[in-house]
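Here, residue 1 is the first one in the sequence, and each next residue gets the next number.
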Amino acid sequence: MAKLTFLGAAGSVTGSKYLVEASGKRLLVDCGIFQGLRELTERNCQPLSVDPETFDYLVLTHAHLDHTGWLPVLVKAGFHGPIFANPATIDLTALLLKDSAHLQEEDAEHPQTSQGGRSERPPMYTIEDVDPVLKLMRPMPRLGNFDIDATFRVTAYDAGHILGSSSLELTVTENGTKKLATFSGDIGRYDQPILNDPTTPPGAADVLICESTYGDREHPGGDPAEELADIVNRVSQRGGSIVIPTFAIGRTQTFMYYLRQLEGQNKIPRLPVYVDSPMALSATDLYLEYPQDHNGEFTQIEAGGHGDPLNVHEFHLTRTVQESKAINNVKTPCIIVSASGMVAGGRVLHHLAQRLPDARNAVILAGFQAQGTRGRALQEGAKTLRLFGQDVPVKAEILQMSQLSAHAGRSELLRWLGALTAPPKQTYLTHGEPVAAQALQKAISERFSGKAAVARYLDTIEF
Ligand SMILES: [Zn+2]
C-alpha cells in the first residue's frame, strides 16, 4: 500500500505538506509555512517527524508561501532532491521566497517593529538560503503528464487560483499496481477576471485531498468593480488613503485589473498606487509572460492594444525601506499595497501604524485572515492593534472584500467536487480551519452521499 502523511494544512489553513511513500520512494507535495496562531507558527521551528534528507522528490501545486515558504528550511535540513513545478510557479516562487526572506530580515533588524519590544521571530531563513532552493527547481509541464520515475507520475490541471496554480493527479505505481491520489491544491474562483476557471481532474481517485478554506462560507455577490469604485471614491473624497495588505502576487493583479478598468471608464480618479515590495521585479510582468493561464476575456483585452491591462496609470514600486517609509509623507489620497496579507509581519505594519489612527483612511482585507493574525483581529473589529510595541487605535474604515478572494467559496468548492467523474474511494479535507473543514465534510455527505474525513495533523493513511 502507498502511504500519505499530513505534515501540515491539517486542521489549519497553512503549512501545506503532504508526504507520499511508495516502493521505497518518498515524495513531498508542497512545503508551506504555518501562519497565524503561535501553536501553529512554532511548528515552523520544529524539525519534521520524517528526516527531509530521505525525501527523494518534491512537487509544488503553486507558489503561495503557505505552499512553498518552508522550502529554505527543508533544504537547510538536508533535502537535496529535485523540486518540480511549472515554469510560472518556479518564477513566482523565486520572487515570493526572496520577498519573504527580505521581509524576515527587515523584521529581525528592527526588533522594535514587532509586538512587545523584541523581535517575535528571528528569521527562519535569509536571502542566502533561497538560492540553494532555486538551484533544485526543475520545470515540469503546465498541463498534462510528467513522469518523475517508475513510481510517480504527475498529471497537472489548471486550478485557476493564481498564475501557475495546479490541481495534481499523482499516479503511484507499486508492485505493478497503480493507485491515484488527487491533490486539489488551492481551488480558484469561477467567472473571475484574468485567470481560467478551475478544472476538476477527471481520474477516479483512490484518495482525494481537497482544500476547504471557505468550506463554511460563501463569498458575497455583487460586482466587485462597483464596490471598489465606491470605496475609492468615498475614501479619496474625504482625503483618505487605502491600505491593502497582500503579497505582491495574485490579489495585487486582480486589484490592478479592476483599478485600471475603473480608471479607463473614468469611474475613479487616477490615484498613485504604491506596490511596496523589496523585490522590484514586477510580479505583474510575470502575469503577462504566461498567456496560457489567461482566460478569453483577458486575452481579448490584451489584444486590444490599450496598454498594459494590469497597470494603473500612476504605478510606483518601492524597493528599499527608506522608499517604503517615504510613503508616510504622502498626504494626498493614494493606495498602498504591502505585505504581509494577514498583517503577520512585513512593511504593511508601518503603513498601518501610520494610517490606522486616521478615520479618513481605509484598509481593504481581501485574502483569508487566519486565526491569531492581526488581519483577523481587524476583521473582527479590534479597536486597537498592537504594532511596534504600542496599541495603535483603529479609526480607519476596515473593509472586507472577500469577493476578491482567490479561493473558491463554499458553492464553488461543491461545484468543483460535483465535476468529479467518480466518487473518490477516500476523501480528506485539508487547508481549512476545523469549522470550515467540518462544514464541507457535512455538505459532501449530504450532496454526494460520499464519505469525507477531516485530515488530522501527522496522521498517516494508506491508499
Ligand atoms: Zn494559495
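With sequence neighbours left out, H316 forms a ring pair (Phe, Tyr, Trp, His ring centres under 6.0 Å) with Y274. Listed by chain and number, the residues in a salt bridge (Lys or Arg N to Asp or Glu O under 4.0 Å) with R260 amount to none (sequence neighbours excluded). Remark: F84 engages F146 in a ring pair (Phe, Tyr, Trp, His ring centres under 6.0 Å) (not counting sequence neighbours). Not a single side-chain hydrogen bond (donor to acceptor under 3.5 Å, both in side chains) links R410 to another residue, sequence neighbours left out. Take F183 and apply the ring pair (Phe, Tyr, Trp, His ring centres under 6.0 Å) test, not counting sequence neighbours, and it matches Y18. Residues satisfying the side chain to side chain contact (heavy atoms under 4.5 Å, CB included) criterion with E323, sequence neighbours excluded, are T318, R319, T320. Judged as a side-chain hydrogen bond (donor to acceptor under 3.5 Å, both in side chains), and not counting sequence neighbours, the contacts of Q400 are Q379. With sequence neighbours left out, the salt bridge (Lys or Arg N to Asp or Glu O under 4.0 Å) criterion links D131 to no other residue. Not a single side-chain hydrogen bond (donor to acceptor under 3.5 Å, both in side chains) links N295 to another residue, sequence neighbours left out. In this structure F315 satisfies the ring pair (Phe, Tyr, Trp, His ring centres under 6.0 Å) test with no other residue, sequence neighbours excluded. Every residue meeting the salt bridge (Lys or Arg N to Asp or Glu O under 4.0 Å) condition with R456, not counting sequence neighbours, appears here in chain and number order: D459.
Remark: the backbone N or O of T14 is paired with a side-chain donor or acceptor of S12 at under 3.5 angstrom. In this structure, T182 contributes its side chain and A205 its backbone to no donor-acceptor pair below 3.5 Å. Formation of a donor-acceptor pair under 3.5 Å by the S184 side chain with backbone atoms of E211 is found in this model. With K25 contributing its side chain and D56 its backbone, the two residues share no donor-acceptor pair below 3.5 Å. Using a distance-only test at 3.5 Å, with no hydrogens or angles considered, no donor-acceptor pair links the side chain of D51 to the main chain of T54. The backbone N or O of L4 lies less than 3.5 Å from no partner atom in the side chain of E21, so there is not a single donor-acceptor pair. Checked by atom type and distance alone, the side chain of R374 pairs as donor or acceptor with a backbone atom of R386 at under 3.5 Å. With hydrogens and angles disregarded, no donor-acceptor distance shorter than 3.5 Å links the side chain of N328 to the backbone of H351. At least one donor-acceptor pair under 3.5 Å links the side chain of Q253 to the backbone N or O of G250.
Between the side chains of Y157 and E169, a donor-acceptor pair is found at a separation under 3.5 Å. H350 and S324 are linked by a side-chain donor-acceptor pair at a separation below 3.5 angstrom, with hydrogens and angles left out of the test. A side-chain N or O of H67 and one of H431 form a donor-acceptor pair less than 3.5 Å apart. Counting only N and O atoms by type, the side chains of T126 and Q104 include no donor and acceptor under 3.5 Å apart. Looking at H219 and E412, their side chains never bring a donor and an acceptor atom within 3.5 Å of each other.
Salt-bridge annotation for R376 and E380: present, with a side-chain N of the basic residue lying under 4.0 Å from a carboxylate O of the acidic one. Note on E314 versus R270: no salt bridge recorded, every NZ/NE/NH1/NH2 to OD/OE distance being 4.0 Å or above. Salt bridge present: D276 and R347 bring a charged side-chain N and a carboxylate O closer than 4.0 Å. With respect to R189 and D197, no salt bridge is recorded, no charged nitrogen being found less than 4.0 Å from a carboxylate O.
The one candidate from T254, L365, I231 that meets the side-chain contact (heavy atoms from CB on, under 4.5 Å) condition with M401 is I231.
Note that CG of D30 is 12.5 Å distant from CG of L19, once rounded to the nearest 0.5 Å. Residue L429 holds its CG atom at 9.0 Å from CD1 of I209, rounded to the nearest 0.5 Å. Atom-to-atom distance recorded for T199:OG1 and D158:CG is 5.5 Å, nearest 0.5 angstrom. A distance of 6.5 Å separates OG1 in T61 from CG in L168, rounded to the nearest 0.5 Å. Atom CD1 in I268 sits 6.5 Å away from atom CG in L228 (nearest 0.5 Å). Between atom CD1 of residue I242 and atom CG of residue L399 there is a gap of 8.0 Å, rounded to the nearest 0.5 Å.
Taking the six-membered ring where tryptophan is involved, the planes of Y214 and F368 are perpendicular, since the angle between them exceeds 60° and thus also 30°. Ring pair H161/H64 is perpendicular by interplanar angle, where above 60° counts as perpendicular and below 30° as parallel.
L195 and L163 make their closest contact through CD1-N, 4.0 Å (heavy atoms, listed as atom of the first residue, atom of the second, distance).
Cation-pi geometry between R415 and Y190 is satisfied (NZ or CZ under 6.0 Å from the ring centre, within 45° of the ring normal). Taking the centre and axis of the six-membered ring of F55, the NZ or CZ atom of R26 falls outside the cone set by 45° and 6.0 Å.
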Derivation and outcome, side chain to side chain contact (heavy atoms under 4.5 Å, CB included), residues D216 and E433:
CA-CA 10 Å; D216 60 339; E433 288 176 356; over 6 Å; no
Are D293 and Y287 close enough, and set up right, to give a side chain to side chain donor-acceptor pair (under 3.5 Å), and what steps lead you there?
CA-CA 9 Å; D293 276 31; Y287 258 70; over 6 Å; no
From CA spacing to verdict: side chain to side chain contact (heavy atoms under 4.5 Å, CB included), V273, F255:
CA-CA 10 Å; V273 177; F255 270 108; over 6 Å; no
N86 and T89: CA distance, side-chain angles, deciding distance, side chain to side chain donor-acceptor pair (under 3.5 Å) verdict
CA-CA 5 Å; N86 61 52; T89 300; 2.8 Å; yes
Side chain to side chain contact (heavy atoms under 4.5 Å, CB included) evaluation trace for M124 with W70
CA-CA 9 Å; M124 279 183 285; W70 211 66; 4.3 Å; yes
Run the side chain to side chain donor-acceptor pair (under 3.5 Å) test on R217 and S402 for me, step by step, so that the C-alpha distance in whole Å, both residues' side-chain angles and the decisive distance to 0.1 Å come before the verdict.
CA-CA 10 Å; R217 257 166 299 165; S402 79; over 6 Å; no
Starting from the C-alpha separation in whole Å, work towards a yes-or-no answer on side chain to side chain donor-acceptor pair (under 3.5 Å) for S411 and E218.
CA-CA 7 Å; S411 54; E218 296 294 355; 2.9 Å; yes
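The number of heavy-atom neighbours closer than 6.0 Å to NE2 of H313, taken from other residues, nucleotides and ligands shown, is above 12. Sparse packing is recorded around NZ of K3, with 12 or fewer heavy atoms of other residues, nucleotides or ligands lying under 6.0 Å away.
Aromatic pair F6/Y457: centroids not less than 6.0 angstrom apart.
Counting only residues at least two apart or in different chains, salt bridge (Lys or Arg N to Asp or Glu O under 4.0 Å) contacts with residues 58-69 are absent.
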